[in-house]
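Order of appearance sets the numbers: ligands from 1, and atoms from 1 within every ligand.
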Amino acid sequence: MDIEKILEKEHLEKQDILMLLAAEGDNKKKLFAKSLQVKLKHLDNYVHLRGLIEYSNICTKSCLYCGVRSKNTKVERYTISDEEVLECAELAYKLGYGSVALQSGERFDPDFTRKITYLVKEIKKIGDGALGITLSLGEQSEDTYREWFEAGAHRYLLRIEASNEALYYKIHPHDERHDFKQRLSCIDILIKLGYQTGTGVMVGLPFQTLDDLADDLLFFRSKDIAMVGMGPFIPHPDTPLYQYADQIPSVKERMDLTLKMIAILRLMMPEINMVAATANQTIDPLGREKAIAVGANVIMPNLTPNEYREDYLIYPDKACVSDKPDQCYTCLDIRMQSINHKVLYNAWGDSVAFLKKHGQK
Ligand code: SAH
């Protein structure tokens, strides 16, 4: 079937997705033009910001790709103080970012749970509830997720990392701390509790096939997910998966494949929020602009105090590690203007798909 016919379809089937993932040359250009058109029609040219606070790199897990895995003894562990977290959030408020995202390694102890509840409540006080709050703190119990939701967090990001169970266990240890079914069930619990729930995968992993990537996209649609984050896999030298670094697609191929994933998903789910992940910018200086230009609509500028950033290297050479938060601010505005997009300040920028589903729009 020719590409134009596929691009006009209301409902993409797996074989369509596979064709689009393999598109090159003119066909790829047509895909990207269509996904941009669909985004502009449904969501306009607005880009939403989430000021990212990398709260702690202490982690109980040992994911085989992640630089802050507990078994990496080269990392100096930190947790940002309450005062500093609240300063970051104040700064987000002052810069008009509209939302903050709190991300960290995975801890399940009651001290951690209580601390996050406290921080969420304190962030909510800033500007009288002005800031939207996204959490990205890994797998937790239903009670913990509920406690944080009731404290005021309303979005949660938990990437499935790979929706194919066999691939999942090639990139994670196989034990009770790394359990595919549990990660899946966390996503279901988050949705049930009323979070705007986001998930996602890394693109260009060792052992990953186009078939897996097509299934990942179908998985997002089957869960009717509100937000998605997808970025290229970047091998970290202090992790077990680094040994396959010469067997994965090239940097350019991983970038291209990530862009195709974003573009195809925009066709499949026109109103969800999709982030232009920092990993895109790490492997391509214009990676975030490219992601926005093919369908993404969210950027997460880093607000983590600079002294900690070097220790939150989930992958190496992360972009903007030495930038100051206010430099980011003007830089982003100009970058978005350069591709005819507009940063929407002082707004939560919720997922339109989610709001419509819940009768709020
Ligand atoms: N512990 C939290 C936050 C993880 S960091 C959680 O599990 O949700 C956020 C994301 O960074 C991960 O979900 C993963 O998809 C991505 N990531 C980790 N290591 C990476 C690497 N080497 N290359 C690219 N992305 C990576």
Would you say [X] touches ligand 1, if touching means a heavy atom closer than 4.0 Å?
| X | result |
| --- | --- |
| Ala279 | no |
| Arg183 | yes |
| His236 | no |
| Cys59 | no |
| Gly67 | no |

Which residue and atom name correspond to the protein heavy atom nearest [atom], and how close is it?
| atom | value |
| --- | --- |
| atom 2 (C) of ligand 1 | Ser104 O, 3.4 Å |
| atom 11 (O) of ligand 1 | Ile314 CD1, 3.5 Å |
| atom 19 (N) of ligand 1 | Tyr65 CD1, 3.3 Å |
| atom 7 (O) of ligand 1 | Glu106 OE2, 2.7 Å |
| atom 23 (N) of ligand 1 | Ile234 N, 3.0 Å |
| atom 12 (C) of ligand 1 | Glu161 OE2, 3.3 Å |

Do you see a donor-acceptor pair shorter than 3.5 Å between the side chains of [X] and [Y]?
| X | Y | answer |
| --- | --- | --- |
| Ser56 | Thr79 | yes |
| Thr282 | Asp317 | no |
| Gln103 | Tyr312 | yes |

Can Thr304 and Asn302 be said to form a side chain to side chain donor-acceptor pair (under 3.5 Å), step by step? CA-CA 6 Å; Thr304 312; Asn302 201 339; 2.7 Å; yes
Between Phe233 and Tyr65, does the ring centre distance come in under 6.0 Å? no
Shortest heavy-atom approach to atom 17 (N) of ligand 1 - which of Lys61, Met202, Arg107, Gln103: Met202
Out of Arg159, Arg69, Glu139, Glu54, who gets a non-hydrogen atom closest to atom 10 (C) of ligand 1? Arg159
Give the atoms of ligand 1, by number and element, whose distance to some non-hydrogen atom of Tyr315 is under 4.0 Å.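 Matching atoms, with element in brackets: 20 (C), 21 (C), 22 (N), 23 (N), 24 (C), 25 (N), 26 (C).
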Using a strict cut-off of 4.0 Å, indicate which atoms of ligand 1 neighbour a heavy atom of Pro232.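 Matching atoms, with element in brackets: 24 (C).
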Cluster partners of Leu355, using ILVMFWY side-chain heavy atoms under 4.5 angstrom, listed by chain and number? Phe354
Ring-plane angle category for His172 and Tyr168, please: parallel below 30°, perpendicular beyond 60°, tilted otherwise. parallel
Using salt bridge (Lys or Arg N to Asp or Glu O under 4.0 Å) as the criterion, list what pairs up with Glu142, not counting sequence neighbours.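 Salt bridge (Lys or Arg N to Asp or Glu O under 4.0 Å) check on Glu142 returns Arg146, Lys192.
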Do the side chains of Asp256 and Lys28 get close enough for a salt bridge, i.e. N-O under 4.0 angstrom? yes
Within-cutoff protein neighbour (heavy atom, under 4.0 Å) for atom 4 (C) of ligand 1: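 Looking at atom 4 (C) of ligand 1, one finds that no protein heavy atom lies closer than 4.0 Å.
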In Å, rounded to the nearest 0.5 Å, how long is the span from OH of Tyr195 to NE2 of His154? 11.0 Å
